[in-house]
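See below for the structure under consideration.
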Amino acid sequence: MADVRTKPSVFTEKFGVFAECLLTGVWIAIASLGVVTYPAAFAAGARHLRRRTGQVGGGWREFVTDFRDAVRGGWVVGLGGWGAVAVAWVDVQAVRAGLPGGPLVGAVGLFAVIGLAVAGLRAAAVWTPGDRWRTLLAAAGRRTVLDPGGSFLLVGGAVLVVCSALLIAPLAVPVLGAVAAAAVAVEERHRRR
């Protein structure tokens with residue numbers, strides 16, 4: 001008797017992608033435990049989701065391989081990200097201390113950190129093995145400015161993670177995968193324009 005395969009329903013297919021996003025969020029959280037490894041974790045997670053939505057196999061082993069490749073230059077990006085957060089914290093302290101010009105410096109610092117985070121997510125969403133992070137970040141910075149709609153979508157995703165963490169802390173872990181999926185979708189949307 002011939003092997004008859006049926007195409008999965010649209011619901012099954014879409015729910016499978018959603019479940020894969022949640023699982024990827026857990027993988028991203030585990031890979032980010034190295035504190036400066038979060039860019040590499042997001043890059044590996046985004047590449048995994050691009051594989052899955054492209055109907056190409058992939059699993060934990062491929063994620064780990066991608067993570068190892070991405071962390072080679074990605075840890076420097078992670079360190080720079082923490083440096084930007086430290087500068088923003090100093091800006092907030094200037095605002096709280098009532099220093100002259102503090103509110104302006106604080107607002108500029110906050111917008112700069114948000115812009116850097118969005119550019120980092122966009123760079124991670126298109127990362128492939130062999131890419132240089134500096135090149136990826138420069139191109140992602142341009143896309144962040146030239147595609148404000150996509151950038152605001154990613155800011156919304158980041159806000160969702162923060163709100164999830166504030167309401168139910170464990171929920172923030174799987175939501176990281178949804179943010180990676182949003183970054184992949186934003187980049188695909190920008191590419192098709």
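The shown structure was predicted, so the numbers you read here are calculated from the model rather than taken from an experiment.
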Go through the steps for V77 and L136 under the test side chain to side chain contact (heavy atoms under 4.5 Å, CB included), then give the verdict. CA-CA 11 Å; V77 176; L136 288 173; over 6 Å; no
Any residue meeting side chain to side chain contact (heavy atoms under 4.5 Å, CB included) with A165, in chain and number order, not counting sequence neighbours: A172
Kindly give the heavy-atom pair with the smallest separation between A182 and L154, and that separation in Å. C-CD2, 3.8 Å
More than 12 heavy atoms of other residues, nucleotides or ligands under 6.0 Å from CD1 of I168: is that the case? no
As an exercise, state the distance from CG of L176 to CG of L160, rounded to the nearest 0.5 Å. 10.0 Å
Applying side chain to side chain contact (heavy atoms under 4.5 Å, CB included) to A185 and not counting sequence neighbours gives none
Those residues that, when tested against R191, pass salt bridge (charged side-chain N to carboxylate O under 4.0 Å, His left out) (two or more places apart): E188
R189 atom CZ, over 12 foreign heavy atoms within 6.0 Å: yes
Of the non-hydrogen atoms in A70 and A43, which two are nearest, and what is the gap between them? CB-CB, 4.1 Å
Is any side-chain heavy atom of D69 less than 4.5 Å from a side-chain heavy atom of R47? no
With a 3.5 Å distance limit and no angle check, can you tell me whether T24 reaches the backbone of G177 through a side-chain donor-acceptor pair? no
Going from CZ on R122 to CZ on R143, what distance comes out if it is rounded to the nearest 0.5 angstrom? 6.0 Å
Looking at residues at least two apart in the chain, or sitting in another chain, which of them share a ring-ring contact (aromatic ring centres under 6.0 Å, His included) with W27? H48, W60, F63
Does V179 share a hydrophobic cluster with L171, counting links as ILVMFWY side-chain heavy atoms below 4.5 Å and allowing steps through other members? yes
Using a 4.5 Å cut-off on heavy atoms from C-beta on, say whether the side chain of D91 contacts that of L110. no
F42 and L22: same hydrophobic cluster, using ILVMFWY side-chain contacts below 4.5 Å? no
Rounded to the nearest 0.5 angstrom, the CZ-CG distance for R142 and L137 is 11.0 Å
Look up atom CG in D147 and atom CG in L153, then write down how far apart they are to the nearest 0.5 Å. 8.0 Å
Which heavy atom of T144 sits nearest a heavy atom of A119, and at what distance? OG1-CA, 3.4 Å
For A41, the side chain to side chain contact (heavy atoms under 4.5 Å, CB included) test, sequence neighbours excluded, returns I28, A31, S32, F67
Name all residues meeting the side chain to side chain contact (heavy atoms under 4.5 Å, CB included) criterion together with W82; count only those two or more places apart in sequence or in a different chain, and write none if there are none. V35, V36, Y38, V85
State whether the side chain of R50 and the backbone N or O of A125 hold a donor-acceptor pair below 3.5 Å, judged by distance alone. yes
Do H190 and V126 have side-chain heavy atoms sitting under 4.5 Å apart? no
Could you tell me the separation between the CG atom of L23 and the CG atom of L49, rounded to the nearest 0.5 Å? 9.5 Å
Would you say V92 and V105 are hydrophobically clustered, going by side-chain heavy atoms of ILVMFWY under 4.5 Å? no
Quick check: is V76 connected to L79 through a chain of hydrophobic side chains (ILVMFWY, heavy atoms under 4.5 Å apart)? yes
ILVMFWY cluster, V155 and V175 together (side-chain gap under 4.5 Å): yes
Determine whether a donor-acceptor pair (N or O, by modelled atom type, separation under 3.5 Å) exists between the side chain of E187 and the backbone of V184. no
Are D66 and R51 packed together at the side-chain level, in the sense that at least one heavy-atom pair is separated by less than 4.5 angstrom? yes
